[in-house]
Trainee: 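The structure under discussion is supplied below as structure tokens; questions concerning it will follow.
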Amino acid sequence: MPIESGEAIARIAKALKHKPGALLPILQEIQEQLGHIPSEAVPIVASELNLTRAEVHGVVSFYHDFRSEPPGRHVIRICQAESCQAMGSAVLTAFAKTHLGIDFHETTADAAFSLEPVYCLGNCACSPAMAVGKEVYGRMTPQRFQEVLQEVAGKSE
Amino acid sequence: MNTLYIPQDSGALSLGAEGVARAVQSEARKRGEELRLVRTGSRGLYWLEPLLEVATPSGRVAYGPVSASDVPSLFEAGVLRGGSHALCLGPIEELPYLKQQERMTLARVGITDPTSLEDYAAHGGFRGLRNALGLSGEQIIKEVMDSGLRGRGGAAFPTGIKWKTADATPSPQKYIVCNADEGDSGTFSDRMIMEGDPFVLIEGMVIAGLAIGATQGYIYLRSEYPHAYRVLNLAIEKAQSAGYLGGDVLGSGKSFHLEVRRGAGSYICGEETALLESLEGKRGVIRYRPPLPAVSGLFGQPTIINNVITLASVPLIFDRGAAFYKNYGTGRSRGTLPFQLAGNVKRGGLVEKAFGLTLSELLYDFGGGSFTGRPIRAVQIGGPLGAYLPEALFDTPLDYEALSGVQAMLGHGGIVAFDDTVDMASMARFAMEFCALESCGKCTPCRIGSTRGVEVIDKILRNRNRKGNLHLLRDLCDIMVSGSLCGLGGLIPNPVLSALKHFPKDFGIEETEELH
Ligand SMILES: Cc1cc2nc3c(=O)[nH]c(=O)nc-3n(C[C@H](O)[C@H](O)[C@H](O)COP(=O)(O)O)c2cc1C
Ligand code: SF4
Ligand code: FES
């Protein structure tokens, strides 16, 4: 781990540790800034909060959002829940996997995209839904999937 | 100056509302037209999103669904004055889908600028709070009791009784926690409120604080709702500067502070005790009850935990009175419920109605039947733990008691329709899979039983000892119901057994076969 991220983690932990129930906000901020929770973050956060490493690790591993590896530049989450199933999320998901050449929880070789399942984005009236980063997309089709990918890839260049 | 309205609701954004807003601004500039563009929440008529509305002397006229490429032709047609165009829907309030609703909790959503205090006040906002400030805590609680309001998060527990319990437990520090985890698939009414009218939630939480003398509130928001996070924080900031929140609420000398905390992608954290654990910075594992959260909740202190819609229904009760609210509804289901119509329907969206309309009214009169044009075969009500109902039960009235009469539950009011291509055995399998994925791990029947459930359903589908495995599946469900600490393991048999009961063919069972 580069020294800077160790410092960043300590800085985040120090800035937020006064909050009641500070662990989640700290982990969320670390992931926001570094893209993931490096394993080296666990002892730093533990010592700032007077917790054991096991306690911090237990929390990191409990929540689906926290990732231990850096994600691709864009994280695509496709809704797998019932409303989206009723509107063809299975077809969309199969297309996405083939198109990107990866399965869920994987990242493309060029580190551009990671693919994750999600269980409801609150966009069920516009199913099937997916999200890229913080943006939600509704009434998805394989065609629209390709367009959205082009759009976001274009933006990041 | 002409005023145009385009939603900033994430559902509308998911269909391109941002591009429409940009196109409108640039087209107006090009034509030298001056306009005021207000970004609102969504009306909840999602099949018409992105929806554009324009203020005219005879009310707002709507156009939709609009795409950015329609914008030049809309201006050509005189959209700023409500001119006619192929996309024109006429006066928005006259659309039957809206006109036939009873918008009470979501009265302002889609109409006002969500983070404008002036707009909120001009549309009746903060009247409830001002009235509540003139009452004692006991009087506030009595009013909530009299309204008949029951929790909208799923369990439908009487809200006034919960508040009374928290009030009766002495402590120098009490909390109000808003459950904004909205984990149930097929539901989005919490999101619509938070994105479209956040002040009503804030107002409801302040009133709850006054009721029991709590000075700190938390909104526990699922991480899947980044837009709601942004809007809530902006609204809290504004409410604080204007004195609705903080150390001296409207000069009353009472304080109430509010903070938004985000979840981290865990369905079980919607269950109230897991949520409290999570707020305390721990794994979202269910707590044993008693003690109830109202007695010993967040950090061991008396805590009211209520759903977004429950809390957002409170201001109206104090504005118009308990009797007004109670006047809506039927039996012991009082007031209105924002039903959320999703899945395979033509006109998905939000329908706020008094309890008691039937499922088929919702599916066909509002929803217009299936999106695909095929028959609607099954409907899941109340999220992933809710039962599947067949067409024969579509005339069931939607209220708490009538649904429990058909072994179903209303939950948070989500209705998901499936057409006749659905395979109900695979939906039952999915329910077990979801339970395995989201189990907090505390009870063996839920943690292990759900994985076994997936395996058993797979065997049934491969016709391996079908009779024996059907028996096993029922036994497994029985054990999950009786041996689970919370509703995840305890209720997941609902979708599984209802699928089996109403759609036996999908499990390879012929109608004549003995089911039990
Ligand atoms: C597995 C499970 C998940 C739940 N998820 C939610 C949720 O996402 N949102 C919610 O408001 N209530 C949820 N609940 C219900 C809460 O436990 C609790 O009843 C509710 O927050 C109480 O508020 P209310 O009385 O205003 O409904 C869930 C319950 C269970 C068992
Ligand atoms: S039923 Fe499942 S989720 Fe609920 S407490 Fe038991 S193990 Fe946890
Ligand atoms: S079920 Fe997919 S967005 Fe809700």
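Numbered from 1 within each chain, the chains take letters A, B, ... in sequence-line order.
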Trainee: To the nearest 0.5 Å, how far apart are CG in A:Asp65 and CZ in B:Arg222?
Mentor: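 If I round to the nearest 0.5 Å, the distance is 10.0 Å.
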Trainee: Given a strict heavy-atom distance threshold of 4.5 Å, which part of B:Ala228 is in contact with chain A: side chain, backbone, both, or neither?
Mentor: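 Answer is neither: B:Ala228 stays 4.5 Å or more from chain A.
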Trainee: Minimum heavy-atom separation for A:Arg139 and B:Glu49, please, with both atom names.
Mentor: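 Heavy atoms only, the tightest pair is NH1-O, 4.2 Å.
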Trainee: Taking the six-membered ring for Trp and the full ring for Phe, Tyr or His, determine whether the centres of B:Tyr267 and A:Tyr119 are under 6.0 Å apart.
Mentor: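 Ring-ring flag for B:Tyr267/A:Tyr119: false, centres at least 6.0 Å apart.
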Trainee: Considering residues, nucleotides and ligands other than A:His57, do more than 12 of their heavy atoms fall under 6.0 Å from its NE2?
Mentor: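 Counting neighbours around NE2 of A:His57, 12 or fewer heavy atoms of other residues, nucleotides or ligands fall under 6.0 Å, so no.
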Trainee: What part of B:Met427 gets closer than 4.5 Å to chain A, counting heavy atoms only: side chain, backbone, both or neither?
Mentor: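 Only the side chain of B:Met427 comes within 4.5 Å of chain A.
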Trainee: Taking B:Ser10, B:Pro384, B:Gly349 one by one, which has the highest count of heavy-atom pairs under 4.5 Å against chain A?
Mentor: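 Winner by heavy-atom pair count: B:Pro384.
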Trainee: Are the side chain of B:Arg261 and the backbone N or O of A:Gly21 linked by a donor-acceptor pair below 3.5 Å?
Mentor: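 Yes, because the side chain of B:Arg261 sits within donor-acceptor range (under 3.5 Å) of the backbone of A:Gly21.
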Trainee: Show the nearest heavy-atom pair for residues B:Phe188 and A:Gly122, with the distance to one decimal.
Mentor: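 Scanning both residues completely, I find the closest heavy atoms to be CB-O, 3.2 Å.
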Trainee: Please check: side-chain N/O of A:Ser83 versus main-chain N/O of B:Gly343, any donor-acceptor pairing under 3.5 Å?
Mentor: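 Yes; judged by distance alone, with no hydrogens or angles, the pair exists.
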Trainee: If you count heavy-atom pairs under 4.5 Å with chain B, which of A:Leu23, A:Val148, A:Asn123 comes out on top?
Mentor: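 Among A:Leu23, A:Val148, A:Asn123, the one with the most close pairs to chain B is A:Asn123.
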Trainee: Non-hydrogen atoms of chain A under 4.5 Å away: do they reach the side chain of B:Arg191, the backbone, both or neither?
Mentor: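 Just the side chain, heavy atoms under 4.5 Å.
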Trainee: Does any heavy atom of chain A fall under 4.5 Å from the side chain of B:Leu298, the backbone, both, or neither of them?
Mentor: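 For B:Leu298, no heavy atom lies under 4.5 Å from chain A.
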Trainee: Is there a side chain to side chain contact (heavy atoms under 4.5 Å, CB included) between B:Ser278 and A:Phe62 once you walk through the steps?
Mentor: CA-CA 10 Å; B:Ser278 183; A:Phe62 182 84; over 6 Å; no
Trainee: Assess whether a salt bridge exists between B:Glu224 and A:Arg77, defined as any Lys/Arg side-chain N lying under 4.0 Å from an Asp/Glu carboxylate O.
Mentor: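 Answer for the salt bridge query: no.
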Trainee: Give the member of A:Gln80, A:Glu135, A:Gln85 that has the highest number of heavy-atom pairs under 4.5 Å with chain B.
Mentor: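 Highest number of pairs under 4.5 Å: A:Gln85.
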Trainee: Quick check on A:Val118 against chain B: is it the side chain, the backbone, both or neither that has a heavy atom closer than 4.5 Å?
Mentor: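 Side chain only.
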Trainee: Applying side chain to side chain contact (heavy atoms under 4.5 Å, CB included) to B:Tyr388 and A:Glu82, what does each step give before you reach the verdict?
Mentor: CA-CA 11 Å; B:Tyr388 285 101; A:Glu82 287 87 344; 3.7 Å; yes
Trainee: Is A:Pro25 in contact with chain B via its backbone, its side chain, both, or neither, using a 4.5 Å heavy-atom distance?
Mentor: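 For A:Pro25, the side chain is the part near chain B, not the backbone.
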Trainee: Which one of B:Gly44, B:Gly183, B:Gly263 has the most heavy-atom pairs closer than 4.5 Å to chain A?
Mentor: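 Option with the greatest count: B:Gly263.
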Trainee: Does the side chain of B:Glu438 reach to within under 4.5 Å of the side chain of A:His64, using non-hydrogen atoms?
Mentor: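 They are in contact (side-chain heavy atoms under 4.5 Å apart), so the answer is yes.
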Trainee: Please report the interatomic distance CG(A:Leu24) to OG(B:Ser223), rounded to the nearest 0.5 Å.
Mentor: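 Between A:Leu24 CG and B:Ser223 OG, I get 9.5 Å after rounding to 0.5 Å.
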Trainee: Which heavy-atom pair separates A:Tyr63 from B:Arg283 by the least distance, and what is that distance?
Mentor: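 Looking at all heavy atoms of both residues, the shortest contact is OH-C, 3.8 Å.
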Trainee: Indicate the atoms forming the closest heavy-atom contact of B:Asp184 with A:Cys120, along with that distance.
Mentor: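 Shortest heavy-atom contact: O-SG, 4.0 Å.
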Trainee: Looking only at heavy atoms, which two atoms of A:Ala81 and B:Phe430 are closest? And how far apart?
Mentor: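 The pair with the smallest heavy-atom distance is CA-CZ, 4.2 Å.
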Trainee: With a 4.5 angstrom heavy-atom cut-off, could you sort out which part of A:Gln28 is near chain B: side chain, backbone, both or neither?
Mentor: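 Only the side chain of A:Gln28 comes within 4.5 Å of chain B.
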Trainee: Quick one: CG on B:Leu13 to SG on A:Cys126, what's the gap to the nearest 0.5 Å?
Mentor: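 Between B:Leu13 CG and A:Cys126 SG, I get 10.5 Å after rounding to 0.5 Å.
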Trainee: Between B:Arg347, B:Glu280, B:Arg262, B:Glu182, who has the most heavy-atom pairs with chain A when the cutoff is under 4.5 Å?
Mentor: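 Of B:Arg347, B:Glu280, B:Arg262, B:Glu182, B:Arg262 has the most heavy-atom pairs under 4.5 Å with chain A.
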Trainee: Between B:Gly348 and A:Ala125, which heavy-atom pair has the shortest distance, and what is it?
Mentor: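 Heavy-atom minimum between the residues: C-CB, 3.9 Å.
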